[in-house]
Amino acid sequence: MPARSIEQIRNLCKRRGFIFPGSAAYGGLGSFWDYGPLGVEMLGHIKRAWWRNVVYERDDMEGLDGAIITSRKVWQHSGHEATFSDPLVDCKKCRSRFRSDHISLPAPGTALRAELDRRIEGSDLHIQANQLVHKTTVLDAHGVESKEEVLVGPGDTDNWIRDGMISANLLPCPKCGAADWTEIRRFNLMFQSHVGPVATEAGTAEELASRVYLRPETAQTIFMNFKHVQATLRRRVPFGVAQIGKAFRNEITPGNFIFRTREFEQMEIEFFIKPPQYVQAGEKTDEQWHEEWINQRYNWWLGLGVDPSRLRKRAQDKAELAHYAKATTDLEYLFPDFGWGEVEGVANRTDFDLSAHSRDVPQADLARLKLEKNADSTETFDYFDSEAKARYIPWVIEPSAGVTRAMLTFLCEAYHEELVKEPQAAEVDPLKVEIDAAIKNAQKKAKEAEKLRAESRVPSTESAADKGAVDAQHATRDTAPKHDPAAIAEFVARLEEMKSRLPASLLEIDNLLEEHPGALNLEPVKKLKPKVSKLAEDCVRVVLRLHPALAPVKVAIFPLKKNEAGIVDVAHRITRQLAPFMRVQYDDSAGIGRLYRRQDEIGTPFCITVDFQTLEDNTVTLRERDSMQQSRVAIGELKHLLMQRLHMA
RNA sequence: GCGGGUGUAGCUCAGUGGUAGAGCAUCACGUUGCCAACGUGAUGGUCGUGGGUUCGAGUCCCAUCACCCGCUCCA
């Protein structure tokens with residue numbers, strides 16, 4: 001069973017040196033994390049596994065490592081400066097926050113739309129030649145107010161109508177129905193800085209000239225280097241470029257530990273292919289390449305130990321596609337606490353980006369891609385195809401994965417708690433009595449809740465306004481509204497079944513109590529929880545079943561007795577022998593059982609114990625993490641055997 | 001920004017207006033023949049911060065800061 005909460009992972013990561021909160025001595029800084037000794041090992045392994053898979057094991061890929069700080073022009077022409085932002089608006093009445101472009105406009109023909117149209121006519125807004133015009137109050141240089149007609153903008157008329165109507169307080173809040181909005185604020189997600197000595201006033205020509213952005217995605221530096229890589233490595237389309245590196249986004253709502261952070265690391269590929277019109281019979285189309293990469297990437301995750309029941313492919317709807325994409329399929333992992341979350345996106349970006357950065361692009365293509373002519377660029381990112389005898393701007397398929405998210409995924413997937421010994425009957429029997437008491441209480445509470453419900457159903461036949469009043473009354477009177485009879489019944493059934501299997505089911509009961517917040521509101525159940533946990537704690541081991549390639553420490557070496565000079569010497573010698581080839585850890589600071597448990601918790605695949613027999617025949621105990629099985633291995637064979645079993649040879 | 005929650009030892013947390021605690025972890029010494037052993041001792045705190053009430057504040061009041069959860073988003 002994988003991790004049941006992000007909290008478990010966060011605690012383990014902090015306790016064992018994977019991940020620490022950033023700037024902790026000063027109270028922390030939202031959403032920035034420092035990777036500790038084990039974290040940096042694991043990140044490195046994830047990146048190496050990816051690089052090996054997409055660069056070394058293919059014959060159509062090259063690598064790249066571009067600069068993080070990038071000219072403002074790159075992001076102007078990629079579309080990020082204008083569109084990589086969220087338009088936010090708050091309802092002043094109910095304080096809900098919305099993305100303004102997510103509030104739906106009532107469909108034409110409906111009564112609400114007719115009403116809105118009528119009110120638009122009487123407002124500062126009107127539609128003129130299919131464009132929205134807004135009368136805005138402006139101040140001139142002398143502070144005198146006047147009304148000025150402002151064209152709200154080109155493009156998607158619905159969008160502008162909606163924004164205009166929000167600004168004019170005409171569109172009702174989807175939640176409370178009021179029409180009282182704050183200003184729409186565009187929140188650009190890019191971090192900016194300045195290169196060289198800087199004029200301080202924002203928006204001045206000097207400031208704009210020196211402004212740079214920390215890249216919000218690594219992709220653009222690959223596009224900027226398309227021709228360099230193609231020419232210097234003499235590549236022919238189709239080929240791809242892989243890059244691993246940090247990216248930065250000033251997210252409005254980061255969270256869920258390292259799932260969404262403001263500084264993160266990406267593993268991205270831009271795979272350059274023929275545009276559809278040049279594809280010959282028997283060659284792959286953009287759609288086929290897209291499909292192939294989706295499957296190839298999906299299998300990579302499975303190969304590193306992710307269970308297929310917790311990894312899915314999900315094609316994005318038209319509405320959620322990014323401005324550059326023709327189609328995108330997300331790979332999503334089933335995380336604890338927050339459910340399915342994207343760990344990789346495979347996008348068909350067409351020729352949008354390379355065209356956007358090119359000086360010379362045919363007018364028809366600009367129109368198709370909704371691009372303006374690029375007057376800043378000195379290059380055209382095209383390619384001469386000697387087979388097709390044509391010069392074209394390639395299309396791209398972009399598989400883009402998060403390193404940080406991959407780490408969280410692998411940690412959640414690898415996390416296991418196991419009952420390694422059964423508690424004594426003397427301790428289990430009183431527990432059974434308490435469980436019975438808790439069940440009895442839960443059933444009583446369920447009955448009460450049922451009764452309350454029946455009562456509250458009576459006034460529901462009255463008018464809607466009255467019903468609201470009654471509900472409000474109920475909310476204050478009913479001190480435990482979370483008691484859902486059906487949920488309690490299910491909880492009781494599960495608890496009873498598990499009780500019958502005690503002591504083997506001790507851990508399951510612990511998990512059940514943990515995951516059932518509704519049931520935990522019951523007093524006897526609450527009291528039960530720490531008792532079960534305490535008993536379980538003594539009998540459980542936490543083990544990270546990480547794929548050996550990802551484990552931060554590969555082998556731990558222990559002397560069975562630390563004040564036995566002969567044993568200690570051999571253990572040190574083995575440590576020195578293996579150290580150049582793999583990350584090893586020597587530990588003699590506790591009893592042997594505890595040393596094993598420590599290594600289990602950080603996912604170390606193998607432990608070596610040097611004992612008295614070693615001094616006689618030069619063999620050691622090799623203990624395997626998942627099975628806890630031991631075998632005797634000659635010291636001379638250790639390196640070879642380990643390299644093999646760690647998939648390093 | 002808004003709502004809710006939390007701030008006491010490295011971690012998990014007790015703490016009734018009156019001498020700041022426990023368990024775990026860490027370190028030292030001793031002990032220890034394979035799955036979270038034991039003994040003895042030690043380190044570690046301006047109780048998030050600032051103000052107020054009080055003879056006296058971890059505890060009551062006010063302010064403030066930080067973090068967590070949600071108001072989602074896409075690596």
Side-chain angles (χ1 to χ4, degrees), chain A residues 6-7 10-12 14-17 20-24 26-31 86 88-92 94-99 102 175 182 185 187 189 216-219 246-247 249 251-261 264-268 314 316 320-322 325 328 330-333 337-347 398-409 420-421 530 533-534 537-542 558-564 567 588-601 607 609-613 620-621 623 628-630:
Chain A
I6 296 290
E7 200 55 32
R10 184 211 305 277
N11 282 340
L12 183 123
K14 191 175 175 196
R15 200 173 63 241
R16 293 282 147 173
F20 309 118
S23 309
Y26 294 99
L29 181 60
S31 174
D86 292 339
L88 298 178
V89 68
D90 292 336
C91 170
K92 287 183 186 166
C94 69
R95 297 190 182 286
S96 307
R97 165 163 296 179
F98 302 92
R99 275 185 56 168
H102 283 185
K175 209 162 192 178
T182 63
R185 301 176 306 286
F187 191 95
L189 300 173
E217 61 169 14
T218 61
K246 291 237 168 153
R249 296 178 188 175
E251 299 279 358
I252 305 161
T253 50
N256 285 322
F257 192 33
I258 55 169
F259 182 77
R260 177 168 293 110
T261 56
F264 62 104
E265 204 163 17
Q266 294 184 306
M267 304 184 282
E268 286 198 309
R314 193 183 66 82
Q316 286 191 6
E320 53 180 330
L321 287 177
T328 298
D330 290 338
L331 301 183
E332 298 182 327
Y333 178 74
D337 295 339
F338 61 93
W340 294 102
E342 184 193 354
V343 292
E344 176 156 6
V346 185
E398 180 201 74
S400 171
V403 181
T404 340
R405 284 184 181 179
M407 180 154 165
L408 186 61
T409 301
V420 283
K421 67 176 180 200
S533 296
K534 183 88 184 56
E537 206 176 311
D538 298 333
C539 309
V540 93
R541 78 161 177 155
V542 172
F558 314 135
L560 187 61
K561 206 160 181 275
K562 74 172 166 190
N563 48 9
E564 198 62 48
I567 289 179
D588 65 1
S589 64
I592 193 73
R594 177 170 299 238
L595 295 180
Y596 285 143
R597 289 290 185 275
R598 270 185 200 159
Q599 295 300 328
D600 287 343
E601 217 178 350
C607 294
T609 302
V610 179
D611 57 18
F612 288 92
Q613 192 184 327
V620 293
T621 303
R623 181 256 196 189
M628 296 194 285
Q629 303 245 302
Q630 304 186 11

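The structure displayed is predicted, hence computed values, not measured ones. Order of the sequence lines fixes the chain letters, A, B, ..., with proteins taken first and strands second; residue numbering starts at 1 for each chain.
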Expressed in whole Å, how much space separates the [atom1] atoms belonging to [N] and [M]?
N	M	atom1	answer
B:rG1	B:rU59	C1'	32 Å
B:rG17	B:rU53	C1'	12 Å
B:rC38	B:rU6	P	35 Å
B:rG7	B:rA14	P	8 Å
B:rC13	B:rU31	P	38 Å
B:rG21	B:rA9	P	14 Å
B:rG50	B:rA36	C1'	44 Å
B:rA20	B:rC29	C1'	29 Å

Check the distance between [N]'s [atom2] and [X]'s [atom1] and give it to me in whole angstrom.
X	N	atom1	atom2	answer
A:Asp600	B:rC35	CG	P	13 Å
A:Asp611	B:rU32	CG	P	16 Å
A:Trp340	B:rU72	CH2	P	23 Å
A:Tyr596	B:rU32	OH	C1'	15 Å
A:Arg541	B:rC34	CZ	C1'	14 Å
A:Leu12	B:rC11	CG	P	15 Å
A:Glu332	B:rC73	CD	P	15 Å
A:Lys14	B:rC67	NZ	C1'	11 Å

Give none if [N] has no partner; otherwise give the nucleotide forming a Watson-Crick or G-U wobble pair with it, both distances under 3.5 Å.
N	value
B:rC38	B:rG30
B:rU16	none
B:rU64	B:rG48
B:rC2	B:rG70
B:rG58	none
B:rA75	none

Of the listed nucleotides ([options]), which one gets closest to any side-chain atom of [X]?
X	options	result
A:Arg598	B:rG33, B:rA36, B:rU26	B:rU26
A:Thr404	B:rG70, B:rC34, B:rA75	B:rA75
A:Leu560	B:rG33, B:rA75, B:rU32	B:rG33
A:Gln630	B:rA75, B:rC68, B:rC35	B:rC35
A:Lys562	B:rG33, B:rA75, B:rU32	B:rU32

For this session: Kindly say if A:Arg10 contacts the phosphate of B:rU12, meaning a side-chain N or O under 4.0 Å from OP1 or OP2.
Result: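 Looking at the OP1 and OP2 atoms of B:rU12, neither is under 4.0 Å from any side-chain N or O of A:Arg10.
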Exercise. Hey, is the side chain of A:Asn563 poking within less than 4.0 Å of OP1 or OP2 on B:rU32, counting only N and O atoms?
Worked result: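 The answer is no; no side-chain N or O of A:Asn563 sits under 4.0 Å from OP1 or OP2.
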Mind checking if [X] touches a base, just sugar-phosphate, or nothing, with heavy atoms under 4.0 Å?
X	answer
A:Ser400	sugar-phosphate
A:Phe338	nothing
A:Val540	base
A:Thr409	nothing

Problem set entry | Whichever of A:Met628 and A:Gly345 has its nearest RNA chain B nucleotide further upstream toward 5' |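 Of the two residues, A:Met628 wins.
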How close do [X] and [Y] get, heavy atom to heavy atom, and via which atoms?
X	Y	result
A:Val420	A:Val540	CG2-C, 4.2 Å
A:Val610	A:Ile567	O-CG2, 3.3 Å
A:Gln266	A:Glu217	OE1-CA, 3.2 Å

Exercise. Taking N and O atoms by type only, does the side chain of A:Arg623 place a donor or acceptor under 3.5 Å from a partner on the base of B:rC35?
Worked result: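 Result: at least one qualifying N/O pair found.
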Exercise. Within the modelled atom types, does a donor on one side and an acceptor on the other bring the side chain of A:Arg15 and the base of B:rC11 under 3.5 Å apart?
Worked result: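 Answer is no: no donor-acceptor pair is held.
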Exercise. Hey, are A:Glu7 and A:Arg10 close enough for a salt bridge, meaning a charged N less than 4.0 Å from a carboxylate O?
Worked result: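 Here A:Glu7 pairs with A:Arg10 in a salt bridge, since their nearest N and O are under 4.0 Å apart.
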For this session: Please work out whether the ring planes of A:Tyr596 and A:Phe558 are parallel, tilted or perpendicular, with thresholds of 30° and 60°.
Result: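 Rings of A:Tyr596 and A:Phe558: perpendicular, over 60°.
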Exercise. Distance from A:Arg405 atom CZ to A:Arg260 atom CZ, nearest 0.5 Å?
Worked result: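 Output value for this atom pair is 5.5 Å.
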Problem set entry | A:Asp588 (side chain) donor-acceptor with A:Lys562 (main chain) under 3.5 angstrom |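 A pair under 3.5 Å: no.
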Exercise. Any sub-3.5 Å donor-acceptor pair from A:Asp611's side-chain atoms to A:Gln613's backbone N or O?
Worked result: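 Looks like yes, one N/O pair under 3.5 Å.
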